[in-house]
Peer 1: 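Right, I'll just put the structure down here and ask away after.
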There are 2 protein chains.
Amino acid sequence: MAQDLHQIKQGFIEGLSSISQFWGFPKGMGAIFAVLYLSAAPLSLDEIVEQAGLTKGAISTNVRALSRMGLIRPVIRFGDRKDYYEAETDFYKAIRAILKERQNSEFDRAVESVKLTLRELETGDSDPERVFMLERVRTLNTFFTTLDALFGAISRLDSLGANTIQTVLKILK
Amino acid sequence: MAQDLHQIKQGFIEGLSSISQFWGFPKGMGAIFAVLYLSAAPLSLDEIVEQAGLTKGAISTNVRALSRMGLIRPVIRFGDRKDYYEAETDFYKAIRAILKERQNSEFDRAVESVKLTLRELETGDSDPERVFMLERVRTLNTFFTTLDALFGAISRLDSLGANTIQTVLKILK
DNA sequence: TAGTACGTTTAGTTTATACTAAACAAAGTG
DNA sequence: CACTTTGTTTAGTATAAACTAAACGTACTA
């Protein structure tokens, strides 16, 4: 016997919650996205509250984060004061947005601190330990720079889709 | 005036701690890796304790995790009961190991739950809402499958290096 | 201008998790 | 076999983050 839609939906919401959590985002973000993703029409905050099982405050915060990341987008309806939101269905677009988001903030600062270490090590005597550390930090810095270029390239793409990935897969093989 | 090595090292340790934290790993893991990475010789647990500023328990736990992820590796010395560890310097190798690690566990189970939702939606009447949801979940599942293939390919590579990335970068551009 | 319908902010609670301190286990060594 | 040296496990603590409940601000409406 086929399960009823509501039950299936609930399972899906839980699944996306776990995935969200796994990648280091709040569980609620996954839930909200799941709710919007399964809805044909844009939903208001209160409608999301109802389905996602969180309070308005949490929804408000998470919706803003999701919106900033490009995973959902606001829909304006004239003559209606409510905010509506709908899910982005182009995930490749979303990936680019997320990478762009992550590139700023914390990560950049941390990588920058490795560069700083490098500069500090470069200005010094030729103490063998210093030379050793310099070499290692230089390697790490090169690695980070490469990764940075990769992420940057991905987030600057006009289009990134399954076909691009297929091409990349061929090279990797 | 050049700073002394110890001070520089400390800065580096803090930097890697932040990066570790940013990617959703314990701060201590970054610190431990940093200590080993800057050491020319393999270090014993107690030596790591001393430099990383954590207690033996924490070091023990985190070292095991790092080892499992392939970011550090144990070094056995005959006639010495201590365990020694050294940092992996081939980061591309490490990336592959991390992806492999992540592919199992939580993530797989979560993705599997999306597949389950898909199967549940497939066995049912042609209620328009069900059809809509089916279509959406199918799209998401395809996306996950593609990502899975990508990660799988990367972790199955014999060698992944800066040159491979450069090639990929060319395609992306 | 009072009232209502929103979304946001805030103060406090809950929850998850990394860590500490200390007990424990195992395996030498005298 | 007691004693030391080592790593692991555990019970408890500290901390960070997400969430709740409620106050608040703002703008529309009567």
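Lettering follows sequence order; numbering is per chain, from 1.
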Peer 1: Looking across every strand, which nucleic acid part, if any, lies under 4.0 Å from B/G28 by heavy atom: base, sugar-phosphate, or nothing?
Peer 2: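 Here B/G28 touches the backbone only, sparing every base.
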
Peer 1: In this structure, how many angstroms lie between the P atom of C/dG7 and the CD1 atom of A/I76, rounded?
Peer 2: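 Taking atom P of C/dG7 as the reference, CD1 of A/I76 is at 13 Å.
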
Peer 1: Side chains of A/P74 and A/E86, heavy atoms from C-beta outward: is any pair under 4.5 Å?
Peer 2: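 A/P74 vs A/E86: side chains apart.
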
Peer 1: Taking only side-chain N and O atoms of B/K56, does any of them lie within less than 4.0 angstrom of OP1 or OP2 on D/dG7?
Peer 2: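 For B/K56, the contact criterion (side-chain N or O under 4.0 Å from OP1 or OP2 of D/dG7) is not met.
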
Peer 1: Roughly how far, to the nearest 0.5 Å, is CG of A/L38 from CG of A/L16?
Peer 2: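 Nearest 0.5 Å value for the CG-CG distance: 8.0 Å.
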
Peer 1: Tell me the interatomic distance from B/I32, atom CD1, to C/dC19, atom P, rounded to whole angstroms.
Peer 2: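 After rounding, the gap between these two atoms is 8 Å.
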
Peer 1: How is A/G53 classified with respect to the nucleic acid when contacts are heavy atoms under 4.0 Å: base, sugar-phosphate, or nothing?
Peer 2: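 Sugar-phosphate, backbone atoms only, no base.
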
Peer 1: Which residue, B/G79 or A/Q21, contacts DNA chain C at a nucleotide closer to its 5' end, judged by nearest heavy atom?
Peer 2: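 Result: A/Q21.
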
Peer 1: Choose from C/dA26, C/dA18, D/dA18 the nucleotide whose nearest atom is closest to any side-chain atom of B/P26.
Peer 2: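 That would be C/dA18.
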
Peer 1: Any donor and acceptor pair, going by atom type alone, linking the side chain of B/Y37 with main-chain N or O of A/R136 inside 3.5 Å?
Peer 2: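 Yes; at least one donor-acceptor contact below 3.5 Å.
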
Peer 1: Give, for atom CG of A/D90 and atom OG1 of B/T139, the distance between the pair rounded to the nearest 0.5 Å.
Peer 2: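 OG1 of B/T139 is found 10.5 Å from CG of A/D90.
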
Peer 1: By nearest heavy atom, map A/K27 and A/R81 onto DNA chain D; which one lands nearer the 5' end?
Peer 2: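 On the 5' side of the pair lies A/K27.
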
Peer 1: What is the distance, rounded to the nearest whole Å, between atom CD1 of A/I48 and atom C1' of D/dC19?
Peer 2: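 Those two atoms, CD1 and C1', are 16 Å apart.
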
Peer 1: Report the nucleotide, chosen from C/dT20, C/dG7, D/dT6, that has the shortest atom-to-atom distance to any side-chain atom of A/D83.
Peer 2: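 The closest nucleotide is C/dG7.
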
Peer 1: Given D/dC19, D/dG7, D/dT5, which nucleotide is nearest the side-chain atoms of A/L54?
Peer 2: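 Nearest to the side-chain atoms of A/L54, counting from C-beta on, is D/dC19.
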
Peer 1: As a test of reading the structure: which of D/dT5, C/dA21, C/dG7 is closest to the side chain of A/D46, going by heavy atoms?
Peer 2: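 For the A/D46 side chain, the nearest candidate turns out to be C/dG7.
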
Peer 1: So, are B/E122 and B/R138 salt-bridged, with charged N and O less than 4.0 Å apart?
Peer 2: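 The answer is yes: the pair qualifies as a salt bridge.
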
Peer 1: How close or far is atom P of D/dT6 from atom CD of B/E47, stated in whole angstroms?
Peer 2: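 That distance rounds to 10 Å.
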
Peer 1: Would you call A/E120 and A/R130 a salt bridge, using N to O less than 4.0 angstrom?
Peer 2: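 Salt bridge between A/E120 and A/R130, a charged N being under 4.0 Å from a carboxylate O: no.
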
Peer 1: Expressed in angstrom and rounded to an integer, what is the separation of B/L45 atom CG from C/dA25 atom C1'?
Peer 2: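 Distance, rounded to whole Å: 15 Å.
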
Peer 1: Which parts of residues 59-69 of chain B get close to DNA chain D, meaning a heavy atom less than 4.0 angstrom away?
Peer 2: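 Here the set is B/S60, B/R64.
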
Peer 1: In this structure, how many angstroms lie between the P atom of C/dT29 and the CG atom of B/D80, rounded?
Peer 2: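 Result: 10 Å.
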
Peer 1: Out of curiosity, A/D83 CG to A/R64 CZ, how far, rounded to the nearest 0.5 Å?
Peer 2: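 Spacing of CG (A/D83) from CZ (A/R64) equals 11.0 Å.
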
Peer 1: Roughly, in whole Å, what's the span from NZ in B/K82 to C1' in C/dG28?
Peer 2: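 Atom NZ in B/K82 sits about 14 Å away from atom C1' in C/dG28.
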
